[in-house]
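Below you'll find the structure, written out as structure tokens, and then a few comments.
Just so it is clear: chains get the letters A, B, ... in the order the sequence lines come, proteins before strands, and each one is counted from 1.
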Protein chains: 2
Amino acid sequence: MERKEGRDQPNMLDKCLRILRAFDGGDQQLRLSDLARRTALPLSTVHRLVGGLVEHRLLAQDDGGYQLGIGLFELSGLVPVEQELRVAARPFLQDLFMATHETVHLGVREGADVVYVEKIHGHSDLGLPSRVGGRLPLGCTGIGKALLAFSSNEVRTEYLERPLRAITPHSIVDPARLERELAEIRATGLAFEREEATVGRECVAAPVLVQGVAVAAMSISVPVSAYRMPQLAAAVKTSALGLARQLRTGREHRRPPGGEMFG
Amino acid sequence: MERKEGRDQPNMLDKCLRILRAFDGGDQQLRLSDLARRTALPLSTVHRLVGGLVEHRLLAQDDGGYQLGIGLFELSGLVPVEQELRVAARPFLQDLFMATHETVHLGVREGADVVYVEKIHGHSDLGLPSRVGGRLPLGCTGIGKALLAFSSNEVRTEYLERPLRAITPHSIVDPARLERELAEIRATGLAFEREEATVGRECVAAPVLVQGVAVAAMSISVPVSAYRMPQLAAAVKTSALGLARQLRTGREHRRPPGGEMFG
DNA sequence: AAGGGAACTTCCGTGGAGCGGAAGGAAGGG
DNA sequence: CCCTTCCTTCCGCTCCACGGAAGTTCCCTT
């Protein structure tokens, strides 16, 4: 009998993570019965597991509900790739922000998404869908396109083979068009995005290249009306190059960024 | 938080967390046998658990070892207290950094420690022991003392009853002295720290007060020779007050619609 | 080439821990 | 006062997590 790969019985760890990830819907605080509903687990099971999670501070019991706990935050500070990258990148992003006073992002590729690892913005953060730790489809964002353009052929073709997700009416859904754009990005070292991630915003991104592969990318995001792309593009590219150099010298040899796609 | 009963037998969740926390020793990459050694768990057990952790991206299998995975990072982005606080605080820290060009921290209290949730620094980050997600004893840091001064009596007395940890020769170990200092901090709204956390560095911190209690504190850290404390103190206090006001007003309308865009 | 060691992977019988239905509180409110 | 909703506790059954042991790979030494 062939073993189905997709779904076995969820074990304890699976269930715990289902509980933790139940918070991704934007709700900060969930009650026990909410968790049971969202995870589709029996109430008594959730109750038991939640006890253990609270003990480890992965959850915090607030009056009338549970929240994700600070233990998660602490653990995340130890994640090496992001940690190293962020520490190195922060000053460069800082400079970029100070020079332009526009929202600045740093992101890495994770499967078919970009995951934002740093974000700097002023007092008014105009409803961007990005969030540190959040994901967006690669093809819909400047950072994502920069990452994709400078990934391995394998990764790129696999991404292009699947239907492209759109998150605004302007998001690219035609693989051929995206492929053309990626070629252009490879030629220029700059990725542009126009309202493909957020209506009313456009952005320019540059890859952070280590040995020809993008280990990260950074971007500046501005309202569409600004018409400042040329200067911003130069600034982003400069910062990205600076960070790349810093990463190269900072550590001599760590990990040639392979990694499988779509686990 | 009374944890009287010493856990007899670690369950699956305990073991998984022991594995994850095995990375807190500064090592980024650990091999299976390293993990088994550090966690004092049988090799085959670690092997099995690691499999599950990798599936959930809490661990990443690198050639020759394992690293903490990006899944942790993503989850941490959803931790509400820190998330809300950080988003609100970032612009203020930003301003503070731009005004002073010195290293800026934001921290919250967690038990007897301060946990840093944000840190902004220039290109030269002079070996400070702080790290986003990292902990230090409350009494050894400016932020910690600011937090402690404006915590409940309960918290404060409990902290003072236990022996004070020292991390430099200048760290305060006399409870009476610390108590006196806390009183002063309560009076002035400013906490100073002189080489108590890092030899050669001093810092000034101010609490972020919501309803009279410090929900966080921010600080500026400079080399001891700088003699710029008066101006820095004013700047820190101003920023902290600004953030406190922001938090108060932000909290009135629970959560502006935005949240998650497009699922 | 053979031997030794270290690290990783797979196997498998056993027992206890995880499981979840059900019943028992605890609030609220109509 | 009953009904609903939510949380907590209980308990017997089942099953899967457990880890010792054997197997495999790789590298280093002799």
Atom pair distance, as rounded to whole Å: [atom1] in [X] and [atom2] in [N]:
X     : N      : atom1 : atom2 : result
A:R31 : C:dA27 : CZ    : P     : 15 Å
A:L13 : C:dG18 : CG    : P     : 13 Å
B:L35 : C:dT9  : CG    : P     : 12 Å
A:L32 : C:dA26 : CG    : C1'   : 14 Å
A:D14 : D:dC16 : CG    : P     : 12 Å
B:R38 : C:dA7  : CZ    : P     : 14 Å
B:I19 : D:dG19 : CD1   : C1'   : 13 Å

From the options [options], select the nucleotide whose nearest atom is closest to the side chain of [X].
X     : options               : result
A:M12 : C:dG18, D:dT8, C:dT9  : C:dG18
B:L49 : D:dC18, C:dC8, C:dG20 : D:dC18
A:R37 : C:dC19, D:dC6, C:dT9  : D:dC6
B:S33 : C:dC8, C:dG18, D:dT8  : C:dC8
B:S44 : D:dC7, C:dG20, D:dG19 : D:dG19
A:P42 : D:dA17, D:dT8, C:dG21 : C:dG21

Has [X] got a side-chain N or O lying under 4.0 Å from the OP1 or OP2 atom of [N]?
X     : N      : answer
A:H47 : D:dC7  : no
B:T45 : D:dG19 : yes
A:K15 : C:dG18 : no

Give one of base, sugar-phosphate or nothing for B:L43, where a contact means two heavy atoms less than 4.0 Å apart.
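Here B:L43 touches the bases of the nucleic acid.
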Using a heavy-atom cut-off of under 4.0 Å over every strand shown, decide if B:R48 touches base, sugar-phosphate, or nothing.
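Base, at least one base atom sits under 4.0 Å.
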Short side-chain donor-acceptor distance under 3.5 Å, A:K119 and A:S130
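The criterion, which ignores hydrogens and geometry beyond distance, is satisfied for A:K119 and A:S130.
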Dump every N/O contact between nucleotides 13-15 of chain C and the protein below 3.5 Å, one line per pair.
none

When rounded to the nearest 0.5 angstrom, what distance separates CG in A:L49 from CG in A:L58?
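One gets 12.0 Å once the value is rounded to the nearest 0.5 Å.
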Working to the nearest 0.5 Å, report the span between SG of A:C16 and CZ of A:R21.
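Spacing of SG (A:C16) from CZ (A:R21) equals 11.5 Å.
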Please work out which of the three classes, parallel, tilted or perpendicular, describes the rings of A:Y116 and A:H105, given edges at 30° and 60°.
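Aromatic pair A:H105/A:Y116 classed tilted.
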Is it the case that atom CD in A:Q67 sees more than 12 heavy atoms from other parts of the structure closer than 6.0 Å?
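More than 12 heavy atoms, drawn from other residues, nucleotides or ligands, come within 6.0 Å of this atom.
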Closest-nucleotide ordering on DNA chain D, the 5'-leading residue of A:G65 and A:N11
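The residue mapped nearer the 5' terminus is A:G65.
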Check step by step if salt bridge (Lys or Arg N to Asp or Glu O under 4.0 Å) holds for A:R135 and A:D24.
CA-CA 11 Å; A:R135 298 177 166 253; A:D24 68 1; over 6 Å; no
Of all the heavy-atom pairs spanning B:V108 and B:A216, show the shortest one and how long it is.
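Result for this residue pair: CG1-CB, 4.0 Å.
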Minimum heavy-atom distance A:T141-A:G144, with the two atoms named
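Heavy-atom minimum between the residues: OG1-N, 2.8 Å.
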